[in-house]
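Right, one structure below, let's go through it.
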Amino acid sequence: MGSKEHEVHDFIRDIINKDLKTNKYGGRVHTRFPPEPNGYLHIGHAKSICLNFGIAEDYKGECNLRFDDTNPSKEEKEYVRSIIEDVRWLGFDWEDRLFFASDYFDQMYEYAVQLTKKGKAYVDDLNAEEISRMRGTLTTPGEESPFRDRPIEENLDLLNRMKAGEFADGEKVLRARIDMTHPNMNMRDPVIYRILHASHHNTGDKWCIYPMYDWAHGLEDSIENITHSICTLEFENHRPLYDWFLDELGVYHPQQIEFARLNLTYTVMSKRKLLELVEGGHVKGWDDPRMPTISGMRRRGYSPSAIRTFCTRIGVAKVNSIVDFEFLEHCIRDDLNKTATRFMGVLRPLKVVIENYPEDQVEEMEAINNPEDPNAGKRKVPFSKVLYIEQDDFMEEPPKKFYRLAPDREVRFRYAYFVTCTEVIKENEEVVELRCTVDPATRGGAAPDNRKVKSTLHWVSAAHAMDAEVHLYDKLFTVQDPLGQKDTDFKELLNPDSIEVLTSCKVEPAVKNLKHFDRFQFERLGYFCVDPDTTEDNLVLNRTVGLRDTWAKIQKQQQMNK
RNA sequence: AGCCCCGUAGUGUAGGUGGUCAAUCAUUCGGGAUUCUGGAUCUCGUAACGGUGGUUCGAAUCCACCCGGGGCUACCA
């Protein structure tokens with residue numbers, strides 16, 4: 001499929017190619033993925049991970065995994081753990097380059113002293129509210145703090161005492177001394193250090209002052225010798241500050257490049273919003289299969305390779321855009337079609353009795369494990385007198401274009417026989433059982449006389465079937481852009497039918513050999529994954545995505561034409 | 001309102017230094033072929049350079065203005 005995927009071309013690689021040509025970084029390419037450990041990773045992060053690690057791979061460079069852990073009040077070890085797990089699961093390797101911003105706190109402090117000595121930073125006694133007020137507005141300039149012209153020695157002393165813990169939270173901050181009238185708000189004497197008497201997941205109680213993002217991030221990149229510091233669009237206005245800090249310090253200076261973050265229809269992509277769903281009990285946790293988190297998608301049955309292809313195929317640009325979730329589904333189908341073992345399972349069973357089949361006979365029918373992969377081999381599926389088929393596969397009064405089973409109609413039972421429905425048994429208008437006959441000459445599923453049949457159905461043998469609980473999923477939200485609705489909280493737009501639990505499913509016996517997280521296909525139904533809640537006597541399956549369903553489309557059209 | 005970024009088919013994108021663009025690839029949508037999954041595969045088709053001026057023999061590519069979208073006023077990242 002997708003032609004020359006190896007020749008990825010985008011504006012970031014353009015810049016890198018140019019830098020390589022001019023030898024800007026001595027031919028090096030070194031990127032980093034810098035998550036803050038304050039939540040679980042989602043598919044949007046996967047885009048960034050694939051970009052950063054992918055570029056390093058393409059250019060034979062390196063990519064660091066670095067935790068941007070500068071705010072102890074929001075960050076936790078558990079998030080560090082999950083992020084490491086997710087990046088690794090996606091298939092990326094940072095070798096020995098796992099770093100923490102907090103490992104650089106000493107160095108960052110030294111740089112702050114340096115900046116202060118240069119007269120480019122000062123300790124401000126104003127409180128948060130005063131600083132905010134005096135920063136001015138988008139259209140009006142800010143005012144200078146009365147503490148802005150403190151002597152350097154006094155600043156140095158105060159900074160040292162801030163660090164020593166002599167002051168309470170919020171009592172003082174260290175600010176850069178730039179320009180309170182700058183049209184870019186970020187340049188109006190931004191805060192560099194704030195006092196936070198909080199215990200840090202990594203440094204414990206060693207520090208009570210913590211660096212702000214703008215100050216810390218460029219330094220982290222510089223210390224790690226990053227060449228291209230790739231981040232999202234909202235940091236574009238911060239680049240002048242990124243550059244200013246590094247230039248004032250006179251240290252190694254990477255290039256910050258901004259790209260548009262990923263948006264997907266029918267979901268939300270912000271850690272804060274996802275946290276809200278988790279804490280509000282709207283989903284069952286960060287790894288709920290309906291969540292766009294990496295762990296949720298893993299549990300849903302997405303493969304790392306499908307996520308990776310998705311990320312490269314959506315491309316990278318600077319335009320804000322929103323990708324159809326259908327494209328994600330296409331990528332997972334495309335991947336699983338080639339790799340998933342096929343099985344048969346019935347979600348909503350309808351009993352079928354084969355009248356002309358001996359009571360106690362069992363035949364082992366040979367089935368192909370994956371028609372897309374000859375190496376996947378074959379397996380045996382037991383066939384007997386009493387079977388189950390899908391309720392949807394029978395209609396007493398079939399409309400036009402319904403090719404499946406109906407009274408007096410012959411269809412094929414996959415890998416088994418041609419079957420004709422001879423009698424319909426009902427209880428209060430409801431079809432509860434079918435009586436059918438098989439044509440013994442069609443054993444295996446092929447007709448010696450070459451006669452055709454309009455459809456092939458999946459089935460399971462009642463006596464041999466295993467029970468299973470199957471979870472079917474639908475879109476998490478009812479609208480494409482849940483955050484784009486003014487006056488409506490996104491939680492009110494949750495799809496009440498995003499999960500459907502079916503408990504009386506019947507699946508072929510071979511399924512019992514599967515392990516947690518194994519992915520496979522139920523023929524004609526879709527791709528599924530063994531949920532980790534599965535126990536010895538309770539098989540729980542998640543449907544990752546259905547197969548493309550042409551019949552459903554026809555049905556919809558027929559209903560619309562009525 | 002000040003500053004910054006962006007504007008190619010329904011969607012996501014490709015289009016170094018202007019011509020070979022009556023514009024790439026993928027998806028979606030519509031048709032056909034094939035098929036023991038109404039799956040997959042193959043094949044055909046519909047569909048786009050925000051607008052207006054300018055520079056030029058020639059502009060999606062350069063310039064100007066306009067229109068439209070997004071971001072920025074956290075001791076968050």
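Only a predicted model underlies this, so the values are computations on that prediction, with no experimental measurement involved. Residue numbers begin at 1 in each chain, while the letters A, B, ... track the order of the sequences.
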With salt bridge (charged side-chain N to carboxylate O under 4.0 Å, His left out) as the rule and sequence neighbours excluded, what pairs involving residues 178-189 of chain A come up? A/R148-A/D189

Tell me, please, which residues at least two apart from A/R333 pass side-chain hydrogen bond (donor to acceptor under 3.5 Å, both in side chains). none

Atom pairs, N/O to N/O, protein against nucleotides 33-35 of chain B, distance under 3.5 Å?
none

A/R135: partners by salt bridge (charged side-chain N to carboxylate O under 4.0 Å, His left out), with sequence neighbours left out: none

Taking side-chain hydrogen bond (donor to acceptor under 3.5 Å, both in side chains) as the definition, give me every residue that meets it alongside A/D243, ordered by chain and number, with sequence neighbours left out. A/H253

For A/R150, salt bridge (charged side-chain N to carboxylate O under 4.0 Å, His left out) partners two or more places apart: A/D125, A/E154

Sort and list the pairs that fulfil salt bridge (charged side-chain N to carboxylate O under 4.0 Å, His left out) and have at least one residue in residues 316-325 of chain A, not counting sequence neighbours. A/E236-A/K318, A/E258-A/K318

What pairs with A/E326 under salt bridge (charged side-chain N to carboxylate O under 4.0 Å, His left out), at least two apart in sequence or on another chain? none

If you look only at pairs with a residue in residues 163-184 of chain A, which of them pass as a ring pair (Phe, Tyr, Trp, His ring centres under 6.0 Å), with sequence neighbours excluded? none

Return the polar atom pairs (N/O with N/O) between nucleotides 2-11 of chain B and the protein under 3.5 Å, or none.
unit_1, atom_1, unit_2, atom_2, d
B/G2, N3, A/L138, O, 3.0
B/G10, N2, A/D324, OD2, 3.3
B/U11, O3', A/I322, O, 3.3

Under the salt bridge (charged side-chain N to carboxylate O under 4.0 Å, His left out) rule, collect the residues that match up with A/D19, sequence neighbours excluded. none

Report the secondary structure of RNA chain B in dot-bracket form, marking unpaired bases with a dot and bases paired to a different strand with |, and treating Watson-Crick or G-U pairs with both distances under 3.5 Å as paired. .((((((..(((......[.....))).(((((.......)))))....(((((..]....))))))))))).....

